[in-house]
Amino acid sequence: MSMISRLMLAVCAVCLASGAMGRAGDGALDIILSPHNGQPALVRPGAAFEAVLTKQTPLKLAGEDGTMTVAVEWEARPDGRYVATCHLPDEIAPGVYALEAEREGEDERDRNERALHVKESFPEVYLVAHIADPVVGDGGDLEESLGLFEEIAAEIDEANADLVLITGELTANDTAEEYSAFLDALEALSMPTFVCPAATEESVRYFGPTPFAFWYGEDAYLGFDGTADGLAPPWEPAESLHYRLRREIKPARWAIGFANRYSQDFPMHSQISLFVDDPLDLLITGPWEIELVDEEGEEAEPALPWGRTPLAITPPASEGDYRFVQVSSSEARPRAPESVIDNENNESEEDGAS
Amino acid sequence: MARRAKLAYMNTLLPIILSLVGAGAGGELAYLVGSQASARQVCAVDVETGEVRELGPGRGDGPPVWAPDGEWLAFETEDEDGVGIYVVRADGSDGALLETESSHNRHPQWAPDGERIAYSAGEGLARQVRVHDRATGEETTWGGGREGLLTARWMSEDELLATGLTGTPGRNLTSDLYRVTEDAAEPIPVGEENGGRYFEWAPAPNPVDPDMIAFESNDGGFRDIFIASEDRGLVNVSNHRRADWNPAWSPDGEWIAFESFREGGRGIFRVYPETMRVHEVAVSGAYENWAPAWAPNGERVAFVSNRDGAPRIFVSSVEGEDAEPVTEADQPATHPAWRPEDSQ
């Protein structure tokens, strides 16, 4: 065996070992609850980000140039979890990092891939992609449903989207196999991906609780389950969280909500906070059924019943659809939905014509 | 089964804890227990002894409401078709769903006569107020059949105070206060005609003078607690740049407890409307306190706090002193409601 082959084998072994220690055995969140590849931290060099862990464990960042220890300040929460305020060095290279938790000599290891995106700056004009209801495993066919998602991911990657929002039904049956497949497919997207599932006990195990908010440059995004059944952790009442998160992102240039769907039975103080007293500038959701008529009795475009928050409903990814939102200082404008199936048809028509 | 085991454990342990901390001052609280919405159950705890009784079916029960005589409770619970109104004796016996036309019924409220129960019937925003008479078994639609009446509370034997929708969905829909009788739903003018700008919510009639109404509104830019009465007109009694929610009158009608974010997280305050001076009841920067419920004698307050992680019911003096837990730390408990004093 040549020296190069041995070196490649060693690299592969290291990669496999790294993969094996990521999340729990079934892909669920383990020691590091956040950030992760569904709620990554977006930070400038020299800035700080917060991580939430189940154990107070030393943290490292793993990037293209190797691994570095993170300077951390710890705080214990009443619910038994630990908040680590992680300070990045000024000289850290921009790029994507995995966050590792490991206590040497003990069986305490975890690694969240694509947990941290270090960026020198955030663009004023950028492109957001929204994927709704990928429903991996839909129709009992894991491969087919994953295929559609992967095609959508490829188109989004090709369009150089800066940010991807994924909402709604991630899997058909809430199984570990489906979540694991979805996590693998997520790796096709190199840009930050924020996943806001329709809350189930399993979705919380894999992607953490909702609601949550994050900043992208001057803009802020608030992900939540817009139904009455949304699972907030019982120790953090959802209505209170919605109010506090909305207040935290009030200074944003644009405050954009993204949710699995909207239900009129969504808790009223949540609706008041997000759509009435401080209306979001845009709400992007997955599909939901509502029949509205205008004053002339004609079918009207779906809209939130109160407030002035514009609404964009993206058709489901499980049918090949997704959407871009163009964000600039003058607008946060949802484009018409795109479809990989239409593209396929168009391509095949073109192929046929040629 | 696990929950039943925990409740049995609670029955044994909590009296010991309470005797050690000296929290016992009498009274009984109904509340909701459970972390999953679909399995929440109404229980009652004797504040002095810590003894717990299971009262609801535990299949997604809603907040409990005591009948005026304290002998019965009503609350919503999930059934096969939707959400029904469940009525049960205080000892947990004779529990049954009301027979209703709609498959979705929420927010039950006992009439002062203790025989009738008002509730919101229907789905989404097209809900109506209906009244079920337990003596006759009849269900009547109130408000002249008006749709968009979302919640209702009794002002007298023949009047309800409701939140009702006005305007056009997607354009200028908002919520106003309505005086609801069997035949009509009339808007209650609060302040100037607002053209759909202000959103009124959580109205509460004063228990001594029901024509004095406390409610929350964003009239003035921020969500505050207001009082509307013939004597004083419309008065903002909480006035803060951060939100104030869910007013609750003291039994003597002199004070209002409410939730506020003025110290960061949600906390409980009380205001004396005559002077508009606000006092702290349960406030912390480290955790949240909410859902204040005045004891029948007006000297204590029950509330929910997540100071130990999961939400837990505490009882304190109205000044916020001597706060002690009355439910277990690992059983999420919310929506406390004091049993009326006459029954104990």
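Keep in mind it's a predicted model, so treat the numbers as computed, not measured. Convention: sequence-line order gives letters A, B, ...; per-chain numbering from 1.
- Distance check, rounded to the nearest 0.5 Å: CG of A:D278 to CG of B:N218 gives 9.5 Å.
- The OG atom of B:S175 sits 11.5 Å away from atom CD of A:Q271, with the distance rounded to the nearest 0.5 Å.
- Around atom CZ of A:R308, no more than 12 heavy atoms belonging to other residues, nucleotides or ligands sit under 6.0 Å away.
- A donor-acceptor pair shorter than 3.5 Å cannot be found between the side chains of A:H269 and B:E259.
- With a 4.5 angstrom heavy-atom cutoff, A:T309 does not touch chain B via any of its atoms.
- With rounding to the nearest 0.5 angstrom, the OG atom of A:S273 is 4.5 Å from the CH2 atom of B:W245.
- Contacts of A:R247 with chain B are made by side-chain atoms alone, with heavy-atom separations under 4.5 Å and no backbone atom involved.
- With rounding to the nearest 0.5 angstrom, the CH2 atom of A:W306 is 12.5 Å from the CG atom of B:N172.
- Scanning both residues, B:G265 and A:R244, for their nearest heavy atoms gives CA-CD, 4.3 Å.
- For the atom pair A:M268 CE and B:F199 CZ, the distance stands at 5.0 Å (nearest 0.5 Å).
- Rounding to the nearest 0.5 Å gives a distance of 8.5 Å between CG of A:D277 and CD of B:E216.
- Across every non-hydrogen atom of A:Y243 and B:A243, the tightest pair is OH-N, 2.8 Å.
- Environment of CD in A:Q326: crowded, with over 12 heavy atoms of neighbouring residues, nucleotides or ligands closer than 6.0 Å.
- Contact annotation for A:I272: only side-chain heavy atoms (C-beta onward) come within less than 4.5 Å of a heavy atom of chain B.
- Residues of residues 121-128 of chain B that come within less than 4.5 angstrom of chain A, heavy atom to heavy atom, are B:G124, B:L125, B:R127 in numerical order.
- Pairs engaging residues 238-248 of chain B under the salt bridge (charged side-chain N to carboxylate O under 4.0 Å, His left out) rule: B:D244-B:R262 [sequence neighbours left out].
- Across all their heavy atoms, A:P237 and B:N306 have their closest contact at CD-ND2, 4.5 Å.
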